[in-house]
Every structure is written in structure tokens, then in C-alpha cells.
*Asks:* 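Below is the structure I would like to discuss, written out as C-alpha cells.
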Amino acid sequence: MMAESSVTQLSLVGAIDQGTSSTRFLIFSSQKAELLTYHQEEIRLIYPKEGWVEEDPLEILQSVKTCIYKAVENLKALNISQENMKCIGITNQRETTVVWDKVTGQPLHNAIVWLDTRTASTVEKLIAQSPGKSKDHLRPLCGLPITTYFSAVKLKWLIDNCQEVQDALREGRLMFGTIDSWLLWNLTGGKNGGQYLTDVTNASRTMLMNINTLQWDTKLCSFFDIPKEILPEIRSSSEVYGHLCDGALKGLPVSGILGDQQAALVGQMCFKAGQAKNTYGTGCFLLMNTGEQAVESKHGLLTTVGYQLGKDQPVIYALEGAIAIAGACVRWLRDNMGIIKTSEEIETLASKVDSTHGCYFVPAFSGLFCPYWLADARGTICGLTQFTTKEHIARAALEAVCFQTRELLEAMNQDSGIPLKSLQVDGGMTGNNLLMQLQADLLGINVVRPSMPETTALGAAMAAGVALGIWSLKAEDLASITIDTFKPSIVAKERDDRFAQWKEAVKRSMHWVPSESSTAHELRPASVLAGGIFAFISFALMVAVDITRR
């Protein structure tokens with residue numbers, strides 16, 4: 001327990017970290033960036049149809065309120081007064097789309113999660129109507145390709161397919177937002193004066209914000225047939241947006257908002273052009289700070305806003321590589337294949353073999369994201385023999401994360417012209433030491449893991465604290481954070497040969513869905529965590545062989 005006398009002068013900052021699979025509220029000391037306590041609640045994923053992934057917006061909102069209450073109770077148990085709390089920040093799963101009624105405050109549909117693929121046919125139509133029929137037609141304006149990933153396509157689908165949304169739009173009751181906007185509006189009053197805002201990082205993921213002007217763009221809105229009037233106001237990532245209207249921290253200012261990957265960029269202190277971080281979560285996201293210049297990718301990456309830490313501060317841009325399936329692949333092995341009981345067990349299982357012995361796993365359950373952007377790819381396991389066991393499959397799943405990261409890194413090096421000499425990492429999967437060593441081996445550079453892994457929430461807390469002048473961004477003012485460094489242990493030829501084989505496996509996952517089919521281009525898994533029939537049968541055969549051998 002912490003003595004009260006040692007903490008009475010602390011300025012504390014809270015961070016709502018609303019992710020795909022859980023919500024957390026974390027409380028940090030602004031003086032030393034020290035995590036004092038937190039509470040976490042899981043979020044239920046809903047799969048109404050194959051490829052559809054939803055969440056209940058009301059459940060998300062309630063989980064936030066529960067986490068705040070219980071974290072504050074934890075604080076009291078540490079003999080720390082909640083009066084030390086000065087402000088809170090929000091970081092959130094990006095692209096996930098919520099629509100709700102301005103009058104009643106109720107959601108008009110479940111939230112459509114970022115990796116949902118129901119909009120594949122919408123994407124086809126949009127690409128077909130664009131000049132040159134190119135998915136990159138809008139890149140000069142928004143920095144993004146036309147895919148199922150981004151919020152504008154999800155919103156368009158809702159307007160086109162949901163009667164309640166159509167009625168609300170016609171009657172002027174429709175409100176739209178990513179998770180940050182939904183939470184902020186409700187936490188600051190909802191239908192009774194809630195603040196209808198978003199920040200530049202989340203807005204940059206909608207395909208509706210001009211990447212240069214940082215405003216909703218008339219041409220982009222017209223392309224998607226979405227009226228500007230229903231969009232929240234865009235603000236910087238660090239300023240006072242409003243105050244909590246009730247609960248344990250009633251009256252506290254909300255003063256920071258960052259999309260989760262941008263929050264990790266801030267939390268990792270990547271404040272110089274050329275610095276980068278990779279977050280290993282449900283998906284995998286590599287961001288590189290490109291400074292005040294928006295760099296248009298020529299190699300399948302995304303141009304996005306990194307952060308703007310104050311309305312009078314410069315906007316910092318980033319290049320991003322996005323992988324849909326990383327930790328989700330481990331959950332698939334756990335929940336659908338049943339070869340592990342907990343996600344943590346994969347490290348032990350994969351460590352029982354010294355290599356995959358030629359087995360390669362491409363977890364394209366949601367198609368292929370960066371750098372390919374192929375909706376018709378599907379998960380596949382290549383190189384199976386009678387020698388292959390579940391241990392080899394487990395190791396191949398970890399290597400898949402590393403190979404996908406190498407693809408992102410190579411594209412980023414080409415776009416930026418600044419080859420990374422080391423990679424800073426964070427996220428839940430980084431606790432897996434085998435994964436981190438495999439990553440260093442397959443990249444050929446050092447992988448650097450901080451001892452304090454909560455960099456996403458830390459970034460949101462930093463943004464909130466900076467707005468009130470109670471947080472310094474100078475490294476010398478922060479507590480020294482110890483790191484673990486994983487160094488490459490294999491020769492260049494071996495890593496390059498293995499990467500070449502991986503690329504061959506990727507080719508075999510492409511164009512799996514027949515183009516003649518009416519569902520040909522739907523970017524849809526059997527579920528987010530359940531791969532295709534091909535992968536299931538291949539794995540079942542392998543397990544059968546394994547059982548007979550034992």
C-alpha cells in the first residue's frame with residue numbers, strides 16, 4: 001500500500017482505454033508517468049452474420065462508467081484521495097462506427113467494429129464509380145484507400161440499409177461518431193447538452209476529413225453521399241472538450257482524445273520524425289512519425305494524423321501499416337481450434353519445437369490489409385506434412401505476426417527513406433518473449449520493449465495532462481522506464497529465405513473467393529476469430545495425424 005503522505009501532492013490523470021475486446025480506466029501520476037491503478041471490463045463481440053462484427057454501444061458506455069467507479073475505489077484503497085484527479089483522456093478503437101438518436105440518446109444500430117466486412121459490396125460500387133476505378137482515388141484527399149476498414153463506408157452502409165438510420169437522417173435526428181465521440185457526448189451530458197466532438201486522429205480514419213485542411217471535406221462527403229451536418233466538430237487531440245456530468249469523477253474535465261494507435265505513438269515518446277512503434281493487439285499497427293509533412297504512401301501504407309497536442313500546436317503526421325489479425329489469430333487457436341486453453345499458453349506450446357519445419361500460417365481471416373488490401377484473400381496453412389503437430393502450427397501463428405510486421409516495415413522504409421534501426425513495441429502480445437525474439441530474428445533489427453506496457457493509455461493521459469499544463473513531455477522530466485531489448489540471433493540468409501517462403505504462402509491465400517460469385521469480394525471471415533473452411537480442414541487433418549502418433 002502507498003503511504004498517503006507520499007502522494008498527497010500528486011496530480012493524477014485518468015485514461016479511458018476503450019479497445020475492441022475490453023474497456024479499461026487507468027490512473028497515472030503526471031509527475032513520473034507511473035501507473036497507480038486500473039480496472040478492466042471485457043466487451044462482448046457480436047456476430048450476427050458471417051463477416052459481421054458488432055458491439056453494443058450501451059454496453060461499451062456502461063463498461064466505461066464501471067471501470068471509472070472501480071478504479072477510483074482502488075485509488076481509495078491505496079490511501080490516495082480522488083481529489084488529486086485533475087482530468088481524464090480518452091483513447092479508443094478506431095474506425096468502429098456508432099449511430100444514435102439526438103433526441104432519445106439511444107443507439108440506432110449496434111456499433112459496427114473496424115474489422116467488420118459487410119461493406120464489401122459497397123466498396124465495390126464506390127470503386128466502380130471512381131475515375132479510373134481505383135481504390136486509391138481518394139488518397140490525395142484523405143490518405144486512405146477505399147476499403148471496408150474505414151468509418152465512412154460503414155456509415156454509408158447504415159444509411160443505405162437501416163430504416164431507423166434513414167428515418168433519423170431525414171428528420172434531422174441522426175448523430176454519427178467513432179467510439180470517442182459516442183463516449184464524450186454521453187459522459188458530458190448526452191441529450192442534455194453533451195459535447196458532440198471528435199479529434200483529428202479519429203477524424204483522419206473516417207475518409208471524410210481532408211488530411212491537409214483537417215476539416216470535413218465537401219468532395220469526400222459528396223463521394224460517399226454523407227451530409228456534413230451529421231458529423232461531429234473536429235478538435236485537436238489536447239484541449240478541454242467538456243466535463244464529466246455524473247459518476248465518481250463528476251465535474252472533471254475531459255481534455256485529451258487520441259485514437260488508440262496514435263495514443264501509443266505518443267505514449268512511446270515518438271516525437272521525432274523517423275521514430276516508430278508497433279502495437280501488438282487484436283490487430284497489429286506500425287506507425288512512423290513523419291513530422292509536419294503528410295507523406296503519401298506508394299507501397300500500400302496509410303497516411304494518417306499522428307497527433308496535435310493543442311489547438312495552437314502543429315499537426316504531426318504518420319505513416320501507418322495495419323494488420324487485421326495478430327492476437328486474434330491466437331484467440332482463433334484458443335476458441336475455435338481448442339489447442340490452447342489460454343492465450344498465454346501459445347508461448348509454451350510454440351517453444352516445444354525449434355522451428356515450424358516448413359509450416360507457414362497466413363491468417364487472412366479478414367482478407368489482407370497492408371500492403372495488399374485484398375478483400376478476396378482467405379486464411380491458409382501451407383507446408384503441412386505428417387510430421388506437423390499443433391506445436392508447429394502454434395509457432396507458425398506467432399511467426400505470421402512477425403512476417404506481416406516485416407512486410408509493413410519494408411514498405412515503411414521505402415516510403416519514408418529512413419530505414420528503422422530498432423523497433424519500439426507495445427501491446428498485450430509483447431509479454432510473449434518468444435514472439436519478441438522471433439520478431440527480432442525475422443526483422444534483423446533490435447526489438448525494444450518498455451517495462452511499462454500501458455503506452456496506449458499513457459498517451460491519452462499525456463494528451464489530457466498537457467492541455468491543463470500538468471504534464472511535461474520532456475523525457476528528462478519522466479521517470480526512467482526500463483526496457484528489454486531483443487537482438488537478432490539468426491543470419492541474414494536464413495531470415496530472408498524464410499521471408500521468401502512466407503511470401504509464397506501469401507500468394508496462395510490471395511483470390512481465394514471466386515470473382516464470379518455475388519459474394520466474391522466480401523472481406524469476410526467465418527467470424528473474426530474463425531478462419532475459413534480450408535484452414536479448418538487442414539488443421540483437423542493435422543490434429544488427427546498428431547493423435548495417432550501419440
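Since the structure is predicted, the reported quantities are computational estimates derived from the model, not experimental observations.
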*Asks:* Could you go through the side-chain hydrogen bond (donor to acceptor under 3.5 Å, both in side chains) check for N202 and N92 one step at a time?
*Replies:* CA-CA 9 Å; N202 282 289; N92 57 284; 2.8 Å; yes
*Asks:* Could you walk me through whether E41 and K65 pass the salt bridge (Lys or Arg N to Asp or Glu O under 4.0 Å) test, one step at a time?
*Replies:* CA-CA 10 Å; E41 296 278 325; K65 293 180 178 181; over 6 Å; no
*Asks:* E233: which residues meet the side chain to side chain donor-acceptor pair (under 3.5 Å) condition with it, sequence neighbours left out?
*Replies:*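 For E233 the side chain to side chain donor-acceptor pair (under 3.5 Å) partners, ignoring immediate neighbours, are R235.
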*Asks:* Taking atom NZ of K156 and atom OG1 of T97, what is their separation to the nearest 0.5 Å?
*Replies:*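 So the NZ of K156 and the OG1 of T97 are separated by 14.0 Å.
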*Asks:* Between the main-chain N or O of R205 and the side-chain N or O of E95, is there a donor-acceptor pair closer than 3.5 Å?
*Replies:*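 No.
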*Asks:* Let me confirm one number: the CG-CG distance from L12 to L26, rounded to the nearest 0.5 Å.
*Replies:*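 Going from the CG atom of L12 to the CG atom of L26 covers 12.5 Å.
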*Asks:* For K76 and E73: C-alpha separation, side-chain torsions, deciding distance, then whether salt bridge (Lys or Arg N to Asp or Glu O under 4.0 Å) applies.
*Replies:* CA-CA 5 Å; K76 294 176 182 177; E73 290 299 303; 3.2 Å; yes
*Asks:* Contact between T96 and I112 at the side-chain level, heavy atoms closer than 4.5 Å - yes or no?
*Replies:*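 No. Closest side-chain heavy atoms not under 4.5 Å.
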*Asks:* Determine yes or no for a side-chain-to-main-chain donor-acceptor pair under 3.5 angstrom, with S297 supplying the side chain and V295 the backbone.
*Replies:*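 Not confirmed, S297 side chain does not pair with V295 backbone.
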*Asks:* Just wondering, do T430 and M436 contact through their side chains at under 4.5 Å, heavy atoms?
*Replies:*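 Side-chain contact under 4.5 Å: yes.
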*Asks:* Find the distance between CG (L286) and CD (Q424) and round it off to the nearest 0.5 Å.
*Replies:*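 Taking CG in L286 and CD in Q424, the distance rounds to 11.0 Å.
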*Asks:* Check the surroundings of atom OH in Y69: do more than 12 heavy atoms from other residues, nucleotides or ligands lie under 6.0 Å from it?
*Replies:*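 No.
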*Asks:* Quick one: does NZ or CZ of K49 land under 6.0 Å from the six-membered ring centre of W52, within 45 degrees of the ring axis?
*Replies:*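 Output yes; distance and angle both within limits.
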*Asks:* I would like to know whether D426 and T279 meet side-chain hydrogen bond (donor to acceptor under 3.5 Å, both in side chains); could you show each step before the answer?
*Replies:* CA-CA 5 Å; D426 59 73; T279 298; 2.6 Å; yes
*Asks:* Find out whether the Lys NZ or Arg CZ of R94 is both under 6.0 angstrom from the six-membered ring centre of W114 and within 45° of the ring's axis.
*Replies:*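 Relative to the ring axis of W114, which defines the angle, R94 lies outside at least one limit.
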*Asks:* Which of parallel (below 30°), tilted (30 to 60°) and perpendicular (above 60°) describes W100 and W185?
*Replies:*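 Tilted.
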*Asks:* Could you check whether S22 and Q40, counting side-chain N and O atoms only, form a donor-acceptor pair closer than 3.5 Å?
*Replies:*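 Judged by distance alone, the side chains do pair up.
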*Asks:* Nearest 0.5 Å please: distance from the CD atom of Q262 over to the OG atom of S204.
*Replies:*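 These two atoms lie 5.5 Å from each other.
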*Asks:* Could you tell me if D199 and S237 have a donor-acceptor pair between their side chains, going purely by distance under 3.5 Å?
*Replies:*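 S237 vs D199: donor-acceptor pair found between side chains.
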*Asks:* Around atom CZ of F223, are there more than 12 heavy atoms from other residues, nucleotides or ligands closer than 6.0 Å?
*Replies:*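 More than 12 within 6.0 Å, yes.
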*Asks:* So, Q18 versus Q93: side-chain donor-acceptor pair below 3.5 Å or not?
*Replies:*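 Note: Q18 and Q93 side chains meet the donor-acceptor criterion.
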*Asks:* Here's a test for you: under side chain to side chain contact (heavy atoms under 4.5 Å, CB included), which of T178, I226, L208 qualifies with S151?
*Replies:*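 That would be T178; it is the only one of T178, I226, L208 passing the side chain to side chain contact (heavy atoms under 4.5 Å, CB included) with S151.
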*Asks:* Take atom CG of D167 as the centre, draw a 6.0 Å sphere, and report whether it contains more than 12 heavy atoms from other residues, nucleotides or ligands.
*Replies:*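 Enclosed: over 12 neighbouring heavy atoms sit under 6.0 Å from CG of D167.
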*Asks:* Applying the side chain to side chain contact (heavy atoms under 4.5 Å, CB included) criterion to K228, which one of L220, T218, D217 satisfies it?
*Replies:*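 Result for side chain to side chain contact (heavy atoms under 4.5 Å, CB included) with K228: T218.
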*Asks:* Pairing donors with acceptors under 3.5 angstrom, does anything connect the side chains of S236 and E239?
*Replies:*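 Side chains of S236 and E239: pair found under 3.5 Å.
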*Asks:* Using side-chain hydrogen bond (donor to acceptor under 3.5 Å, both in side chains), reason through D180 and T198 one step at a time and then give a plain yes or no.
*Replies:* CA-CA 7 Å; D180 59 306; T198 189; 2.7 Å; yes
*Asks:* Quick check for you: to the nearest 0.5 Å, what is the distance between I80 atom CD1 and L36 atom CG?
*Replies:*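 Answer for the CD1-CG pair, I80 versus L36, is 5.0 Å.
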*Asks:* Give a yes or no on whether the ring-centroid distance for Y149 and F369 is below 6.0 angstrom.
*Replies:*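 When the ring centroids of Y149 and F369 are compared, they turn out to be within the sub-6.0 Å range.
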